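None of these values were measured; they are calculated from a predicted model.
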Amino acid sequence: MAAAFRLSLKPKTSDNMTHLMVDFSQERQMIQTLKFLPVPKAPEIDLTDCIVADNCVSVAWRMPDEDNKIDHYVMEYRKTHYDGLPRVKDERCWEQIDHIKATEYTLSGLKFDSKYMNFRVRACNKAVAGEYSDPVTLETKALTFAFDSMSSHLNLKVEDSYIEWDPTGGKSQENKVKGKENKGRSGTPSPKRTSVTARPAMMRGSRDRFTGESYTVLGDTTIESGQHYWEVKAQKDCKSYSVGISYKSIGKFDQLGKTNTSWCLHVNNWLQAAFAAKHNNKAKALEMPVPDRIGIYCDFDGGQLSFYNANTKQLLYSFKSKFTQPIVPGFMVWCGGITLYTGLQVPSAVKTLQKSENGMGGSSNSLTSVAQ
């Protein structure tokens, strides 16, 4: 057996395996049947066909060369406050709309809370997506504001876009918090409890702009030029509310529409129902149903304030005046609440009605005046 271990073993195959061959015939056949699709070129957005109207943006594009292999398009957009090319710093993330079959797309129901929007598009076939088009910038400017909590009456609970009448003036909630803290208190209160009570006291001390029966709050943005539009919707059980504009100089006891520096539409559902336009302590009764949502149009330079049914765009009433000071949106509410909608462009229907009304010489009514 010892001799067997001394045998040398030699392979029968060569080092380069020349006597063997792998059969790739099936793989070769599969590769030959593959169909390769070219990468789609970047589309070109046609600015002349892009439309911004009624808080909708329609974007249209075309391919530089005809490509019948395109399966769909992807459009991305983002809001910005900068004109021109997108900036990296302080920019919002791109939002995407996928599987667009046509060479145009409309974004609807937008809130225009930025001055501009960037758009870019890329084409996709069934294999790959191409490069994005050069981004374009469209102007989407509209008046955006909130309720100014520092100007509100103490009997109003104020949020950015909602106000509600509070008969306690915040006292019940404040006393409730204090009662919980005083109950079983021993020693120094914790920092957490101290922070809870300090905030309401500070807010109540600073909110003294309106008082008495002037349950009023102003908008936090002044209007000094241009045409603007916003809407309000009152709670169904709201007993009384007013919407309109005023000068910032309105007195702390003044109610909207009862001075020569404020104009409003007033709705009263308590005791005796009333729907009227008010200015300088004069009222014009309106013989029509109260819409559940009211649109307010203000043309500062043209000296016009109009109210519309926000759903049907029916004109409710128009004031014609000459504004000699910057104005602010004004709101009054009693026993109910109001929701505010801003970031809205002037609707096309309202623009058409305004042109027709101005062509007829404007609105003639007994409340027309020039406020100093």
Side-chain angles (χ1 to χ4, degrees), residues 40-65 67 70 72-124 129-146 160-161 219 221 223-231 295-302 308 310 313 329 340-355:
K41 294 183 179 180
E44 298 174 352
I45 298 179
D46 192 347
L47 278 174
T48 58
D49 291 335
C50 295
I51 301 174
V52 180
D54 298 326
N55 283 82
C56 299
V57 179
S58 297
V59 182
W61 58 89
R62 60 176 179 268
M63 296 298 295
D65 299 315
D67 188 347
I70 299 298
H72 65 276
Y73 298 91
V74 176
M75 184 179 75
E76 291 190 344
Y77 66 95
R78 64 180 176 186
K79 298 180 179 181
T80 178
H81 290 290
Y82 304 104
D83 191 5
L85 295 176
R87 306 186 181 189
V88 177
K89 187 179 180 181
D90 298 330
E91 287 287 2
R92 304 184 188 182
C93 296
W94 289 98
E95 297 186 54
Q96 188 180 93
I97 306 295
D98 203 351
H99 300 292
I100 302 173
K101 295 296 184 179
T103 56
E104 61 179 357
Y105 190 83
T106 299
L107 286 170
S108 58
L110 296 171
K111 180 179 180 179
F112 287 167
D113 52 1
S114 63
K115 293 182 180 179
Y116 306 96
M117 290 182 68
N118 299 138
F119 294 88
R120 64 183 186 183
V121 181
R122 65 176 175 178
C124 305
E131 294 292 328
Y132 279 103
S133 65
D134 292 333
V136 299
T137 302
L138 300 178
E139 186 177 16
T140 57
K141 185 169 62 174
L143 179 65
T144 302
F145 66 92
D160 286 345
S161 59
T221 300
I223 299 174
E224 301 181 14
S225 63
Q227 301 175 4
H228 308 282
Y229 180 84
W230 61 94
E231 295 179 356
I296 300 96
Y297 167 80
C298 177
D299 180 0
F300 184 91
D301 303 309
Y308 291 87
K313 300 302 182 290
L340 172 66
Y341 302 89
T342 66
L344 304 175
Q345 286 188 309
V346 179
S348 300
V350 171
K351 289 182 179 180
T352 302
L353 288 171
Q354 287 298 321
K355 289 181 180 179

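A salt bridge links D65 with K41: the distance from a Lys NZ or Arg NE/NH1/NH2 to an Asp or Glu carboxylate oxygen falls below 4.0 Å.
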- Task: Apply the test side-chain contact (heavy atoms from CB on, under 4.5 Å) to residues H228 and I223: give CA-CA distance (whole Å), side-chain angles for both, the deciding distance (0.1 Å), then the verdict.
- Result: CA-CA 9 Å; H228 308 282; I223 299 174; 3.5 Å; yes
- Message: Using side-chain contact (heavy atoms from CB on, under 4.5 Å), reason through I97 and Y105 one step at a time and then give a plain yes or no.
- Response: CA-CA 9 Å; I97 306 295; Y105 190 83; 3.6 Å; yes
- Task: List the steps and the verdict of side-chain contact (heavy atoms from CB on, under 4.5 Å) for Y229 and Q345.
- Result: CA-CA 6 Å; Y229 180 84; Q345 286 188 309; over 6 Å; no
- Task: Evaluate the criterion side-chain contact (heavy atoms from CB on, under 4.5 Å) for residue pair F119 and L107; output intermediate values, then yes/no.
- Result: CA-CA 11 Å; F119 294 88; L107 286 170; 3.8 Å; yes
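Partners of Y73 according to the ring-ring contact (aromatic ring centres under 6.0 Å, His included) rule, which considers only residues two or more places apart in sequence or in another chain, are W61. Here F145 pairs with W230 under the ring-ring contact (aromatic ring centres under 6.0 Å, His included) rule; sequence neighbours left out. Not counting sequence neighbours, the partners of A349 by the side-chain contact (heavy atoms from CB on, under 4.5 Å) test are K313.
Separating the OH atom in Y308 from the CD atom in E231 is a distance of 12.5 Å, to the nearest 0.5 Å. Here the NZ atom belonging to K141 is positioned 12.0 Å from the OG atom belonging to S114, to the nearest 0.5 angstrom. Within the model, atoms OG1 of T103 and CD1 of I45 stand 11.5 Å from one another, a figure rounded to the nearest 0.5 Å. Of the inter-residue distances, the one linking E44 atom CD with M63 atom CE reads 8.5 Å to the nearest 0.5 angstrom. The line from NE2 of H72 to NE2 of H99 is 5.0 Å long, rounded to the nearest 0.5 Å. Within the model, atoms CE of M75 and OG1 of T106 stand 8.5 Å from one another, a figure rounded to the nearest 0.5 Å.
Tested against F112 for a side chain to side chain contact (heavy atoms under 4.5 Å, CB included), the candidates T342, V52, L143 yield a single pass: V52.
For E131, the CD atom is loosely surrounded, since the number of other residues' heavy atoms within 6.0 Å does not exceed 12. Applying the 6.0 Å contact sphere to CG of D113 captures more than 12 heavy atoms from other residues, nucleotides or ligands. Heavy-atom neighbours of D46 CG from other residues, nucleotides or ligands within 6.0 Å: above the threshold of 12.
Judged by distance alone, the side chain of S133 and the main-chain N or O of V121 form a donor-acceptor pair under 3.5 Å. Between the side chain of N118 and the backbone N or O of T137, no donor-acceptor pair lies under 3.5 Å. A donor-acceptor pair under 3.5 Å is formed between the side chain of N55 and the backbone N or O of G343. With hydrogens and angles disregarded, no donor-acceptor distance shorter than 3.5 Å links the side chain of S161 to the backbone of A146.
Looking only at side-chain heavy atoms (C-beta outward), V57 and I51 stay at 4.5 Å or farther from each other. Between T144 and L344 there is no side-chain heavy-atom pair separated by less than 4.5 Å. Between H81 and Y116 there is no side-chain heavy-atom pair separated by less than 4.5 Å.
Summarising the geometry of P329 relative to T221, their closest heavy-atom pair is CD-O, 3.5 Å, with the distance given to 0.1 Å. Nearest heavy-atom pair across A53 and S348 is CB-OG, 4.2 Å. Contact record, Q354 with Y297: CD-CE2, 3.3 Å, taken as the closest heavy-atom pair. Nearest heavy atoms, M117 versus L110: SD-CD1, 4.1 Å. Here the closest heavy-atom approach between residue P347 and residue D54 is recorded as CA-OD1, 3.1 Å. A129 and C124 get closest at one heavy-atom pair: CB-SG, 3.5 Å.
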